[in-house]
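Shown next, in structure tokens, is the structure this report addresses.
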Amino acid sequence: METYDPQAIETRWQKVWEDENAFHTPNAGPGTGNAYFVLEMLPYPSGTLHVGQVRNYTQGDVLTHFHRRHGKRVMRPMGFDSFGLNAENAAIRDGGHPRDIVRENIKKIRAQMKRMGWAIDWEREIASHEPEYYRWTQWLFLQFLKAGQAMRKEAPVKWCPKDQTVLANEQVIDGRCERCGTLVESKMLEQWFFRYTTYADELLDEMDLLESWPERILAAQRNWIGRSEGAELLFRVDELDIDIPVFTTRADTVYGATFFVLAPEHPLVPKLVAATEQEPAVLDYVRRTAAHSFAERENKEKDGVFTGRFAINPANGERIPMWVADYVLMEYGSGAIMAVPAHDDRDFEFAAKYELPVRQVIAPVDGSEPELPYVAKSREAKLVNSEQFTGLPAPEGERQIVEWLGKRGRGRPAISYRLRDWLLSRQRYWGSPIPVVHCGSCGIVPVPEEELPVLLPEIEDYAPKGKSPLESAEDWIRVPCPQCGGEARREADTMDTFVDSSWYFLRYCDPHNDTAPFERSAIDEWCPVDQYIGGIEHAVLHLLYARYFIKVLNDLGIVGFREPFSRLFNHGWVDMGGAKMSKSKGNAISPDDFVREHGADALRLYILFIGPADARVEWQATGLEGMSRFLRRLWRVALEVAAQSPEEGPGELAHKANETIVKVTDDIGRRFAYNTAIAAVMELVNEIARDPSAPGARFAVETAVSLIQPAAPHVAEELWGRLGHERLWEQPWPTADPSLLQRETFELVVQVNGKVRDPLEVPADLPEDELVARAKESPKVQAQLNGGEIRQTIVVPRKLVNLVVN
RNA sequence: GCGGGCGUGGCGGAACUGGCAAACGCGCUGGGUUUAGGUCCCAGUGGGGCUCACGCCCCUUACAGGUUCGAGUCCUGUCGCCCGCACCA
């Protein structure tokens, strides 16, 4: 018998699919129906693919085939997130232009993807570094600018001293740069921001529109947005005519405020201490704090310095000392707090260090004496030492105090968010230029849309210098102002690559459009994405940015929906040596050797079989052999069955095959349980192998081949041909024959006191009382009953009988 | 501290709605085919006990309770692990 030769089979079919453009799905216009958009997250073209990424795209591939064969017009595109530091750093390290590095990498990855046999519509390929793409990234930026959603502002920002660029909040992990691990510093800089925070409530509330996002992602986003309801209270600075607002979630504790703290970066600090005895000490403290990285600041013991000033507590008129301390953050709330040491851990720690007074104003309702700090805020806690509010439950006390202060103009309910605006400018070369011009007389002027794209200039030296390398492109940077024609300079910063990936799925719908980013009709046909697949690492990065982007575009009337990704599946990553497999960790395993030795089908099957699709798994190459073994067995059995004259008839194999159809369809379509789907087909093949000449064997083999096709399309296609058929990739998905799902008998589980005593084969149509009678007849059951009296009989139709005795 | 999740053989895992725990695969053991190795085929493989044997019994899903005729699955508590956020007022 001819042996299974995966190399020959796979390259043959890959050529057929390529020649036929088999997986291109053209636009058919909106309302055509049946459109289904399968999308995996945009890959970053660093080097070559590893098996962890193979997992992502193989899962998407199974769904692509599955939905195609259910009659859907599936769009399954591919592209590359090709701007960014990775290519730029490689260029600095090894020489060469980032563009050439990216081009090389994309070429290699594309070849690997084709060799994996993934059903990708290559006619829609995009790459974010190409002018044809970033022209429209720039165009979208201008729409945001017009709408007031993009702006320049000075703010305390995170700065990576190694990459020499600012970072978005989301790119700082444990106080370190997400990319290089360097401790991140704080700088006060004027930068470009998207007004992310204006959409905080929509980003929270419209989570209801998401059909099946994993709870952990939603939780991470809720957590990241960090909405908290409280109040803003006004404290007057004694002897100065200045009011300073504070945000608090514990207005119920206002009578316990014994001191007041400002962040070192608070703009009023210099004014408070100007020309006072405390000025040198305070300014020195502010300077020393600025020199600390965020991580250092978080981990050190709290300290601070007295300003010499006092604030007036708006509730009781008390004079309380004002301090500057680094445990108060300028970025949150108003950058100043009322400190209530009796009921806040941090304030308590600070008060203990500087021997500041502690006054308890909340106590348990049961009258017990709590250990301080006592942070309870519930109906179990009541106010004490709080003048007319004493005795109220804490939540009610809060409400009344805010209302009372409000009437006197000293407070109001307020909401604060942890979310900060999205800092989008980067002082680096390899990104899309921000399409504006700085003019001495007109200020910031957008580049006219018809002049887009603003092309990246060619420069010699990409090395980061703390300001954008584009500054050195003198010819490029000097331009006449589009408004007044006077001398002006181009914006030299480039955009965060997350801007590129916030809209790429829209471009797939109309990838070659050169007069607009996309036709609205193309978007209406395909979007939102029906099934998005990607790793959890983008929980609060890409996934939140893209949601924001779409909401703005929807409000601008550019797209007709609120949420970009209807359904999201988070695949688990692949570990190697106990750590997540990645290029940067140096533990990446290339698929190439496995493809060469066992074939793409075996690797595809194995990566699906290795564990539940959403679980993290450890890479173990030994399991791959089992998949090769299975494919050889399938090959042998199929050829053997193909060679014999068909002996049809609904035997046991026909039942088994129909049950397998039901199981596999449900596993793939509803549960994303590719591992058990494959196990089910294996079971069927094992069953056929026991007697390939049994009745129904041919039907069973064809079913097995058809069901395994989304996971192992090459061998399935080859065997389908040898079984006398054609073009399996276009065949309708098999449906089960209900009459063959019915069996004449079933195995009745007979229990005594809940323990299985005798499984009995009985006719399917036996009435309940007959089932019980059969159960009682069983000698094994009789032995267990031991003549005892049956107190209760439980019958589960078509499953079991449970006899309960004393 | 807050939030999300997990704990099943030597290993990866299955058991979806409470109904035969360990499907499927890896590994291992024995046997067959083969000049040999590999491939391939057959059988076995959670623990303990009884039996010459066919078989039969008991225990077992981190631990302790609970609900139920029946719990890996539901509830309470404990222990352990993973992930995200964290000086957010």
Side-chain angles (χ1 to χ4, degrees), chain A residues 3 173-175 214-224 226-228 230 246-250 253 261 263 294 297-300 302 325-329 331-340 343-347 349-350 375 416-420 536-537 539-540 605-606 609-612 614-630 632-633 636 663 666-667 670-671 673 675-683 685-686 689-690 747-759 780 783-784 790-796 799-805:
Chain A
T3 56
I173 313 288
D174 293 332
E215 186 48 44
R216 55 185 168 165
I217 298 278
L218 298 177
Q221 295 202 351
R222 259 183 234 115
N223 195 342
W224 188 256
R227 180 186 153 106
S228 48
V246 301
F247 176 74
T248 178
T249 53
R250 295 301 304 271
T253 65
V261 188
F294 282 97
R297 185 164 162 178
E298 267 176 38
N299 295 327
K300 67 187 262 299
K302 299 178 194 352
D326 62 1
Y327 78 97
V328 173
L329 307 176
E331 308 101 273
Y332 187 76
S334 65
I337 61 159
M338 65 173 199
V340 184
H343 307 295
D344 182 282
D345 295 320
R346 297 149 302 176
D347 297 344
E349 195 186 324
F350 193 80
V375 296
S416 195
Y417 301 90
R418 218 187 70 95
L419 189 74
R420 316 270 199 272
I536 194 165
E537 61 274 17
V540 293
L605 281 176
Y606 179 57
F609 188 75
I610 195 165
D614 59 357
R616 78 196 272 180
V617 294
E618 176 77 22
W619 176 256
Q620 278 173 356
T622 51
L624 193 57
E625 312 247 348
M627 287 301 140
S628 264
R629 216 166 286 161
F630 163 67
R632 282 194 295 268
R633 168 182 289 212
R636 200 177 54 244
K663 165 93 177 135
D666 188 53
D667 278 355
R670 180 177 64 89
R671 303 208 304 145
N675 54 337
T676 54
I678 292 168
V681 178
M682 285 177 162
E683 242 183 285
V685 173
N686 289 347
R690 264 185 264 284
E747 198 166 291
L748 178 71
V749 173
V750 180
Q751 300 181 331
V752 177
N753 287 340
K755 290 198 168 141
V756 181
R757 291 305 171 186
D758 199 8
K780 286 182 200 166
Q784 288 297 325
I790 297 174
R791 275 196 301 127
Q792 198 182 350
T793 305
I794 311 282
V795 181
V796 181
K799 267 211 180 100
L800 67 77
V801 169
N802 185 14
L803 304 172
V804 184
V805 295

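Labels below follow one simple rule: chain letters A, B, ... track the order of the sequence lines, proteins then strands, and each chain is numbered from 1.
Between the side chain of A/Glu747 and the base of B/C20, at least one donor-acceptor pair of N or O atoms lies under 3.5 Å. Not a single donor-acceptor contact under 3.5 angstrom links the side-chain atoms of A/Arg629 to the base of B/C40. Side-chain atoms of A/Gln751 come within donor-acceptor range of the base of B/G19, with a qualifying N/O pair under 3.5 Å. Contact of A/Asn223 with B/C85 (side chain to base): no donor-acceptor pair of N or O atoms is detected under 3.5 Å.
The partner of B/U39, taking Watson-Crick or G-U wobble pairs whose two distances both stay under 3.5 Å, does not exist in any strand shown. Under the Watson-Crick or G-U wobble criterion, with both distances below 3.5 Å, B/C2 is paired with B/G84. Using Watson-Crick or G-U wobble geometry with both donor-acceptor distances under 3.5 Å, B/U34 finds no partner in any strand shown. Across the strands present, B/U68 finds no partner; the criterion is a Watson-Crick or G-U wobble pair with both atom distances under 3.5 angstrom. Across all strands shown, B/G18 has no partner, as no Watson-Crick or G-U wobble contact with both distances under 3.5 Å is found. Pairing for B/C28 is with B/G44, a Watson-Crick or G-U wobble pair whose two hydrogen-bonding atom distances lie under 3.5 Å.
Rounded to whole angstrom, the span from the CZ atom of A/Phe630 across to the P atom of B/G12 amounts to 23 Å. The distance between atom CD of A/Gln221 and atom P of B/C2, rounded to the nearest whole Å, is 23 Å.
B/A71 sits 11 Å from B/G66 when the C1' atoms are compared, rounded to a whole Å. The P atoms of B/U73 and B/G7 are separated by 11 Å, rounded to the nearest whole Å. Going from the P atom of B/C28 to that of B/C20 covers 32 Å, rounded to whole Å. One C1' atom belongs to B/C63, the other to B/G72, and the distance between them is 14 Å to the nearest Å. As rounded to the nearest Å, B/A89 and B/G19 have P atoms that lie 44 Å from one another. If you take atom P in B/G48 and the same atom in B/C42, they sit 29 Å apart, rounded to whole Å. B/U8 and B/C81: their C1' atoms are spaced 15 Å apart (whole Å).
Proximity of a side-chain donor or acceptor of A/Asp758 to a complementary backbone N or O of A/Val750 within less than 3.5 Å is not detected.
In the displayed structure, A/Lys300 atom NZ is contacted under 6.0 Å by more than 12 heavy atoms of other residues, nucleotides or ligands.
Contact between the side-chain N/O atoms of A/Arg616 and the OP1/OP2 oxygens of B/C81 is not found at any separation under 4.0 Å. Within the 4.0 Å cut-off from OP1 or OP2 of B/A23, not a single side-chain nitrogen or oxygen of A/Asn675 is found. One finds no side-chain N or O of A/Thr676 lying less than 4.0 angstrom from the OP1 or OP2 phosphate oxygen of B/A23. For the pair A/Lys780 and B/C56, the criterion of a side-chain N or O lying under 4.0 Å from OP1 or OP2 is met. Listed pair A/Arg636 / B/C40 fails the phosphate criterion, with no side-chain N or O lying under 4.0 Å from OP1 or OP2. For A/Arg632, a side-chain nitrogen or oxygen approaches OP1 or OP2 of B/C40 to under 4.0 Å. The side chain of A/Arg690 contributes no N or O atom lying less than 4.0 Å from OP1 or OP2 of B/C41. Between A/Lys302 and B/A89, a side-chain N or O to OP1/OP2 separation shorter than 4.0 Å is absent.
Between A/Tyr327 and A/Ile337, the closest side-chain pair of non-hydrogen atoms falls below 4.5 Å.
Atom CZ of A/Phe609 sits about 9.5 Å away from atom OG1 of A/Thr676, to the nearest 0.5 Å.
For the residue pair A/Arg418 / A/Asn223, no side-chain donor-acceptor distance below 3.5 Å is found, with atom types taken as modelled.
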